[in-house]
Amino acid sequence: MADHDLASPLLPSQHSDAPHLVLTVQEAHSHTHYNGKNDINDDNCNRQNGRISHNNDRNPFEFLGSKGLDVPGPATLNPFRNDTPSFGGLYEWVKIVVCLPIAAARLVLFGVCLLVGFLATKVALQGWKDKQNPLPRWRSRIMWVTRISARCILFAFGYHWIRRKGKPAPRETAPIVVSNHVSYIEPIFYFYELFPTIVAAESHDSIPFVGTIIRAMQVIYVNRFSPSSRKHAVNEIKRKASCGGFPRLLLFPEGTTTNGRVLISFQLGAFIPGYPIQPVIVRYPHIHFDQSWGNITLAKLMFRMFTQFHNFMEVEYLPVVSPLPNKKESAVNLAERTSHAIATALNVVQTSHSYGDLMLLMKAAESRQKKPSSYMVEMARVESLFHISSLQAVDFLDKFLSMNPNTSGRVKFHDFLRVLRLKACNISEEIFAFIDVEKSGTITFKQFLFGSAHVLKQPLFREACELAFAECKSGENDYKLEHELGDSLRLAIPDLNADEAHGLFNLFDSNHDGKISKDDFDSCLRRYPLLIALFFPCFLHKGLSDAGDRMLEEIV
């Protein structure tokens with residue numbers, strides 16, 4: 001089986017045996033667009049009030065191997081939206097008032113059960129040091145006190161009875177269980193029902209009371225942003241799934257909670273070992289109160305649960321999904337078959353959203369954007385296409401938000417120029433027009449992200465950065481001074497003045513030491529990849545033959 005890790009995309013990239021790409025510089029294009037101030041002055045009449053003319057459709061990144069940019073339309077679904085985050089309607093207010101005394105009693109029951117479960121777990125774990133092996137049987141029996149306490153906690157939250165369909169498969173038949181994830185209620189239910197080993201974020205260990213309880217489940221901790229942590233988690237999943245002494249493993253492959261009306265992309269951790277998997281689905285039928293943990297605080301969600309007469313929950317155990325017989329099935333294919341089975345049983349659509357989209361949504365909400373959901377980009381697809389991480393996408397969102405998007409989440413040309421420290425000219429118009437695929441005079445975050453990631457992915461991007469730094473500095477120094485950068489940039493922007501050049505220099509000089517090292521140069525272009533287009537004329541100025549030879553040497 002292929003060696004994947006938890007960071008692997010759902011759809012792998014296609015390998016190619018194509019020969020190395022070689023930079024080809026078209027002099028005719030360069031003369032057309034970079035022949036000095038006259039061309040820029042001729043186009044000034046097309047620039048009015050910060051708007052740009054789209055008569056010039058030249059691809060400024062063609063020299064990197066770009067064939068143009070394609071940006072999918074915005075997603076219309078929001079997997080994280082809770083439909084009832086606020087109080088509304090006479091019925092709801094009456095119900096809340098009537099249930100307030102009941103809520104107080106439920107809160108007391110919740111606290112008592114949590115304390116009893118915590119104390120029982122402390123007793124079960126007292127003196128236990130061999131944590132690499134399964135929990136001894138007598139300690140597991142003590143944990144039944146905690147499991148009963150968990151069922152009482154569910155009762156306190158209004159889940160007086162829980163409808164079940166199907167049965168859990170024996171551990172030897174399906175050592176791994178996966179489920180959709182809608183609320184914090186499912187982990188409590190599965191703890192009571194199955195007492196499984198779970199995979200959880202490292203931050204869960206520090207939660208009061210809860211951290212101690214999940215340690216008794218021999219939890220596998222993972223930091224989703226650490227490659228070494230994800231690799232360790234995969235190895236632990238393999239080890240514990242293969243050992244019959246451990247409980248079955250439970251994973252929520254979506255990686256976060258959704259509203260239950262869609263199924264977002266799956267991470268591959270549960271599917272890498274290649275063991276049979278039992279999918280389980282959870283539904284929360286409701287009319288007035290959406291129980292999903294979406295855009296609603298935990299305190300408000302708990303309060304609403306306490307003030308309901310009864311909360312409905314349905315659990316259905318689906319048939320086991322086994323690896324294909326007599327065939328070495330990939331983790332990707334096994335994940336696709338499992339996700340399809342869950343989506344079909346739930347009767348919901350599958351999307352390419354991921355936890356990264358929730359990060360973008362929260363970032364936009366923190367900056368008080370009017371439509372935070374418009375900043376989601378279906379990160380699983382972005383990661384598959386461009387191999388950029390969610391953290392990188394959030395960094396690009398930071399830059400986009402500094403461009404002062406309007407209430408529709410769109411950025412105008414002059415705000416785009418301000419953040420990239422550019423002035424209105426031919427090359428800046430071409431860069432903006434390249435990502436303005438709708439030719440509307442404004443860009444969305446998705447267009448900005450796709451455009452930036454598209455440039456980063458180009459086969460010659462890294463070589464172009466190295467060549468730009470080498471060819472656009474003078475002398476034998478391993479750094480670039482401000483006047484050297486200004487001279488290089490004036491080949492693309494002939495009327496660049498000293499203040500404008502200083503602004504761009506400060507963008508590259510991240511440590512403010514008065515010079516640009518190669519690391520500074522490369523780091524800036526990775527953060528602002530669209531700026532690589534400014535150095536194309538530098539290749540021409542230094543000589544087409546020499547530049548081409550250097551690029552060829554770097555690639556080969």
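None of the values given here were measured: they were computed from a predicted structure. Residues: numbered from 1 along the sequence shown.
- F306 has its ring centre less than 6.0 Å from the ring centre of F157.
- In this pair, F448 and F396 present their aromatic rings perpendicular. The plane angle is above 60°, beyond the 30 to 60° band.
- For N235, there are no side-chain hydrogen bond (donor to acceptor under 3.5 Å, both in side chains) partners at least two apart in sequence or on another chain.
- Checking K300, R304, R261 one by one against D290, the salt bridge (charged side-chain N to carboxylate O under 4.0 Å, His left out) holds for a single residue, R261.
- Between the side chains of S354 and E383, no donor N or O sits under 3.5 Å from an acceptor N or O.
- Exactly one residue among V320, V177, T338 makes a side-chain contact (heavy atoms from CB on, under 4.5 Å) with P279. That residue is T338.
- The aromatic rings of Y190 and F252 lie tilted to each other, with the angle between the two planes from 30° to 60°.
- A donor and an acceptor atom, one from each side chain of R215 and T212, are located under 3.5 Å apart.
- Salt bridge status for D395 with K399: absent, with no side-chain N to carboxylate O gap under 4.0 Å.
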Inset, instruction - Determine, step by step, whether H353 and M376 satisfy the side-chain contact (heavy atoms from CB on, under 4.5 Å) criterion, reporting the C-alpha distance in whole Å, the side-chain angles of both residues, the deciding distance to 0.1 Å, and the verdict. - result: CA-CA 8 Å; H353 292 90; M376 293 189 295; 4.2 Å; yes
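- Both tests hold for R147 against W144: distance to the six-membered ring centre under 6.0 Å, angle to the ring axis within 45°.
- With sequence neighbours left out, the salt bridge (Lys or Arg N to Asp or Glu O under 4.0 Å) criterion links R224 to no other residue.
- Not counting sequence neighbours, the partners of R164 by the salt bridge (Lys or Arg N to Asp or Glu O under 4.0 Å) test are E193.
- Ring planes of Y375 and F445: tilted class, angle from 30 to 60°.
- Between F155 and Y159, a ring centre-to-centre spacing not shorter than 6.0 Å is recorded.
- Ring centers of H181 and W293: at least 6.0 Å apart, outside the cut-off.
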